[in-house]
Amino acid sequence: MRLAILADIHSNLAAFESVLKDLESRGGFDKIWCLGDMVGYGPQPNECVARLRQFDHVCIAGNHDWAAIEKMDTFEFNPVAAIAAQWTAQELTADSRDYLTALPLILNVDGFTLAHGSPREPIWEYLLSQSAAKENFTYFETSYCLVGHSHVPLVFELDGTQVMLRELGETEFVLSSNRMIINPGSVGQPRDGDPRASYALYDSETKKIGHYRVEYDIAATQKKMTEFDLPRPLIQRLTYGR
Ligand code: ZN
């Protein structure tokens, strides 16, 4: 089975479509594992939810999904994220809202735990340090865990008692027997200095994971955001991938 691992799409349909096209060019996929934050920040929340639902998939909730359905307050968001969350909440159709409301926080699938932020704190925790990752290895039982939230493609590998951290460049590797926490980066709002959409593809037969970057029509997404009067810093950051 070929699993497309997509995180933090953030209502960016142009980025999502480019990733789907790239997947097609690599031989396609059977199922999507979506790591949350389908919505928030970007201009096309309903379109992104609807597009995801056209595929066989599983999906978990992220903090922006919860903010958009008012399952949590936005006071812990920065001001521009809060404005976008309020805009998204108004924009959502009843259908999208129902879909997001039903999302679980954690899933176990085929030897992987899926959690948006971390297995310890699925909604809030940013996994960026080895010390935080080390603690989190005790919070899930599968060999591997997939997270999003930081929008930075990273791999934490537990080797004995040591946690090794490496940035996940455009690469393919076979899963070892060491436990790992893997972040495929963000489809719709990359923050590692590379503005291209970021995602991973896993083949459960060969145990190979590929991490890929895809150019998309950033200007098209920015134009829509401008039309909807979404905050300028959110529009500009797409240019830089920061
Ligand atoms: Zn996010």
Side-chain angles (χ1 to χ4, degrees), residues 1-9 19 23 26 28-38 52-53 55-66 99-100 102-187 198-212:
M1 183 121 98
R2 289 161 61 82
L3 293 316
I5 303 169
L6 311 184
D8 298 280
I9 293 171
V19 164
L23 279 159
R26 295 180 189 281
F29 61 92
D30 300 301
K31 193 167 182 168
I32 294 175
W33 287 352
C34 168
L35 305 179
D37 279 5
M38 276 303 295
L52 177 69
R53 294 175 74 183
F55 300 98
D56 187 7
H57 75 283
V58 294
C59 188
I60 50 173
N63 52 321
H64 285 263
D65 304 316
W66 270 22
Y99 175 81
L100 295 174
L103 294 179
L105 284 182
I106 290 210
L107 278 175
N108 267 358
V109 280
D110 296 330
F112 286 77
T113 297
L114 277 48
H116 179 65
S118 75
R120 172 169 62 184
E121 277 284 347
I123 286 287
W124 284 116
E125 185 174 18
Y126 288 92
L127 271 187
L128 289 164
S129 72
Q130 280 145 292
S131 56
K134 191 170 182 178
E135 290 166 16
N136 268 280
F137 274 107
T138 62
Y139 283 81
F140 64 101
E141 279 160 17
T142 52
S143 293
Y144 313 107
C145 177
L146 298 171
V147 297
H149 196 43
S150 70
H151 301 203
V152 177
L154 292 172
V155 177
F156 297 97
E157 182 171 348
L158 185 64
D159 189 5
T161 56
Q162 290 288 99
V163 172
M164 295 176 299
L165 163 61
R166 61 175 193 275
E167 286 175 19
L168 189 55
E170 288 176 272
T171 181
E172 294 177 346
F173 62 97
V174 175
L175 289 174
S176 73
S177 56
N178 284 343
R179 298 182 76 209
M180 283 183 205
I181 300 173
I182 299 167
N183 187 328
S186 167
V187 171
S198 183
Y199 79 97
L201 177 62
Y202 170 63
D203 187 320
S204 62
E205 260 142 61
T206 59
K207 304 282 177 211
K208 193 174 85 178
I209 288 201
H211 175 241
Y212 307 108

Considering residues at least two apart in sequence or located in another chain, which fulfil the side-chain hydrogen bond (donor to acceptor under 3.5 Å, both in side chains) criterion with T142?
T113

side-chain hydrogen bond (donor to acceptor under 3.5 Å, both in side chains) partners for E170, two or more places apart
R196

Just by modelled atom types, is the [Y] backbone N or O under 3.5 Å from a matching donor or acceptor in the [X] side chain?
X: H57; Y: F55; result: yes
X: H211; Y: G169; result: yes
X: D37; Y: N63; result: yes
X: N183; Y: P153; result: no

Who passes salt bridge (Lys or Arg N to Asp or Glu O under 4.0 Å) against K134, sequence neighbours left out?
none

Applying salt bridge (Lys or Arg N to Asp or Glu O under 4.0 Å), name anything that partners R120, two or more places apart in sequence or on another chain.
E125, E135

So do the side chains of L128 and L154 get within less than 4.5 Å of each other, counting heavy atoms only?
yes

4.5 Å side-chain heavy-atom contact, L146 and P184:
no

If you round to the nearest 0.5 Å, how far is [atom2] of [Y] from [atom1] of [X]?
X: I209; Y: M180; atom1: CD1; atom2: CE; value: 7.5 Å
X: L127; Y: I181; atom1: CG; atom2: CD1; value: 5.5 Å
X: M38; Y: L6; atom1: CE; atom2: CG; value: 8.5 Å
X: Y144; Y: N178; atom1: OH; atom2: CG; value: 8.0 Å
X: S198; Y: D8; atom1: OG; atom2: CG; value: 10.0 Å

Given Y202 and I182, is the side chain to side chain contact (heavy atoms under 4.5 Å, CB included) satisfied, shown in steps?
CA-CA 12 Å; Y202 170 63; I182 299 167; over 6 Å; no

With sequence neighbours left out, which residue pairs that include part of residues 103-113 fulfil the salt bridge (Lys or Arg N to Asp or Glu O under 4.0 Å) condition?
none

Any residue meeting side-chain contact (heavy atoms from CB on, under 4.5 Å) with S143, in chain and number order, not counting sequence neighbours
none

Test side chain to side chain contact (heavy atoms under 4.5 Å, CB included) on C59 and L52; report intermediate values, then the result.
CA-CA 9 Å; C59 188; L52 177 69; 4.1 Å; yes

Under the side chain to side chain donor-acceptor pair (under 3.5 Å) definition, can you give me all pairs with a residue in residues 160-169, not counting sequence neighbours?
E157-R166

Please list, chain by chain and in numerical order, all residues satisfying ring pair (Phe, Tyr, Trp, His ring centres under 6.0 Å) with [X], sequence neighbours excluded.
X: Y212; value: Y199
X: Y126; value: H149
X: F156; value: none
X: W66; value: none

Where do V147 and S118 come nearest, in terms of heavy atoms and distance?
CG1-CA, 4.1 Å

Show me the side-chain donor-acceptor pairs of residues 28-35 shorter than 3.5 Å, one per line, residues at least two apart or across chains.
from, atom 1, to, atom 2, distance (Å)
D30, OD2, R2, N, 2.6

Could you walk me through whether I106 and F140 pass the side chain to side chain contact (heavy atoms under 4.5 Å, CB included) test, one step at a time?
CA-CA 10 Å; I106 290 210; F140 64 101; over 6 Å; no

Kindly indicate, with the supporting measurements, whether the criterion side chain to side chain contact (heavy atoms under 4.5 Å, CB included) is fulfilled by V163 and L158.
CA-CA 5 Å; V163 172; L158 185 64; 3.7 Å; yes

